[in-house]
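Everything on this sheet refers to the single structure shown next.
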Amino acid sequence: MVPRLKTAAINEWFGRLPGSIGIGNVRYTTSGKCDDVSIIDGTQPVVASSEGTKVALSFNGNIVNTMSLKKEMNLNFSDFLYNCDSDIVCHKMLLGLKQGKTLEAAARIVMESLDGAFSVIGITGEGQFFAFKDQHGIKPLCAGHDPEGKTFAFSSETVSLDMNSFVRDFELKPGELVTVSENGFKRTQIIENPREAFCCFEYAYFSRPDSRFDGKYVYEIREDFGRNLVKEFPEIVKDSDIILSVPETGDDPAMGVHEASGLRWERASRRHRYVTERAFILLNNERYSTIDKKINILGNKVAGKRVIITEDSVVRGDTTKIIIEKLRKAGAKKVYLFVTFPRIIGPCFYGIDMSTYGQLIGSRNNPKEIAKIIGADAVCYQSLEGLIGATGQTENQLCLACVTGKYPTPCAQKMSDVMKKRFLEGYEEKNRIYESEEVQP
Ligand code: SF4
């Protein structure tokens, strides 16, 4: 949707907005329907009101116990309409404000009753500007201010603060509520976090390379991923002539591989500047033609060469398969795949749209089998230890559920255990697991 927006229309719209506080979100659909109309209906922020209490809210993440909460909202609000989990979070906050009377109490009610990942920003009917994170801190959310100290902002990534010349102040802690007044931020720890679980996929794929976590740029971490892969697969490096990176999230690890191995890094692919769809979030039938149009291979750079190609991750495998096909057609003699994120064996319930076992090539195939399916000579995943070490965090501070099967929240663990068993017995998943009534606790 975003590439379709016209700058002139946005500017005109901004000009019509009154007031001094605003919230917004670019939604990446992980719940509700994915057609254009449903996505527009589910656009954040969501606004809810009841008997004089009002709240507008926007969130990043995904709620796992959606179905049971949906029933609760239907009982409490006669006009409750469900498009996606944003409606649940907003109405739960509204219910919390009505029951708890204070913002702190409402945030506690939300944190205690939602299972999942939620980094929330919102405005109450009284004009209180607030932000909070779930008690595991799964998704990022940081705070900053303008150079004059008059305007305060929250953002899921530091890059948007940088781009607006704002100063980054802090990353919200898990279970923390932050409110804003003209004097700045007020931080309140609402719930002590039982176990921090920051999404490790943010480092490998989701975040922009020019964003920072704990003072370290994401691109630096990705370069370290590449250096690790050289250490972990010396035989493959020895058997290769060049390193390539397709698509963009592979660029920084490719730099790391190049520096650590001395292999020549070739820019052997060119991206079509005006094809802006992200292949990962497209429907199956759209993906092949989009990648085909988006990425062009320079045959003279790869013909007759043994090539290592760096990828951030392999989810379904079909994007990588197309790229490898294109490299082979261009004459590559061997194609090895270096993957920075370890093999994804289980779904994500927290805001990345890979929500069934069936769609994951790694849930039922080992690296050798995956290599055969996608047409690579070998698929080399970075080790879990390498990944964790490069982030500068410890295993206990990260969510690694999709690569280990250990989920940080109870409802997600229960659902994954039930569905994994059924999947291995041959059950065919039809919906995202957290949207299947049958596995809701
Ligand atoms: S399951 Fe994977 S993708 Fe989802 S939050 Fe955890 S690490 Fe991130």
Side-chain angles (χ1 to χ4, degrees), residues 28-31 59-66 85 114-120 133-141 156-157 171-172 174 193-208 211 213 218 221-222 225 249 278 280-281 311-317 319 339-363 381-420 423 429 432-435 439:
Y28 161 86
T29 311
T30 58
S31 83
F59 97 110
N60 178 23
N62 192 69
I63 305 308
V64 185
N65 55 336
T66 312
D85 57 356
L114 266 52
D115 185 298
F118 42 98
S119 284
V120 174
K133 255 190 195 182
D134 65 82
Q135 59 267 49
H136 298 281
I138 296 173
K139 287 283 156 190
L141 185 61
S156 54
E157 292 197 38
E171 178 74 24
L172 269 75
N193 73 77
R195 179 205 181 286
E196 200 174 334
F198 185 77
C199 170
C200 213
F201 204 41
E202 290 280 345
Y203 298 107
Y205 168 76
F206 219 61
S207 294
R208 270 185 46 154
S211 279
F213 295 120
V218 170
I221 295 167
R222 290 181 185 164
F225 291 165
T249 39
R278 293 165 82 187
F280 180 77
I281 57 178
E311 258 284 26
D312 52 82
S313 56
V314 179
V315 178
R316 301 170 186 90
T319 307
V339 193
T340 60
F341 201 60
R343 181 161 62 108
I344 298 171
I345 56 165
C348 176
F349 298 130
Y350 303 126
I352 307 286
D353 201 16
M354 43 186 201
S355 46
T356 60
Y357 283 93
Q359 76 191 102
L360 304 172
I361 194 169
S363 68
Y381 288 100
Q382 182 181 197
S383 67
L384 199 57
E385 297 70 36
L387 178 90
I388 295 166
T391 67
Q393 307 292 318
T394 65
E395 189 167 351
N396 283 337
Q397 291 174 299
L398 296 169
C399 175
L400 295 156
C402 54
V403 293
T404 61
K406 292 179 200 152
Y407 291 79
T409 63
C411 189
Q413 186 68 61
K414 204 169 158 200
M415 280 187 198
S416 114
D417 291 346
V418 171
M419 286 309 275
K420 187 175 178 185
F423 174 70
E429 300 147 307
R432 295 178 178 119
I433 293 175
Y434 43 83
E435 291 184 327
V439 284

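Every number for a ligand or one of its atoms is a count from 1 in the order of the listing.
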Next on the checklist: Would you say Thr340 and Gln382 are linked by a side-chain donor-acceptor pair, where the criterion is simply a distance under 3.5 Å?
Outcome noted: no

Item to check | Intermediate values then yes/no, side-chain contact (heavy atoms from CB on, under 4.5 Å), Tyr350 and Cys199 | outcome: CA-CA 9 Å; Tyr350 303 126; Cys199 170; over 6 Å; no

Next on the checklist: Given the ring of Phe206, does Lys139 sit roughly above its face, with NZ or CZ under 6.0 Å from the centre of the six-membered ring and within 45° of the axis?
Outcome noted: yes

Item to check | Contacting atoms of ligand 1, where contact means under 4.0 angstrom from a heavy atom of Cys200 | outcome: 7 (S)

Item to check | Phe198 ring center near Phe213 ring center (under 6.0 Å) | outcome: yes

Checklist entry - Considering all heavy atoms of both residues, which atom of Val314 and which atom of Ile344 are nearest to each other, and what is their separation? => result O-CD1, 3.9 Å

Next on the checklist: Restricting to ring-ring contact (aromatic ring centres under 6.0 Å, His included), what partner residues turn up for Tyr407, sequence neighbours left out?
Outcome noted: Phe349

Checklist entry - Near atom 4 (Fe) of ligand 1, which protein N/O/S atoms are found at less than 2.8 Å? => result Cys348 SG

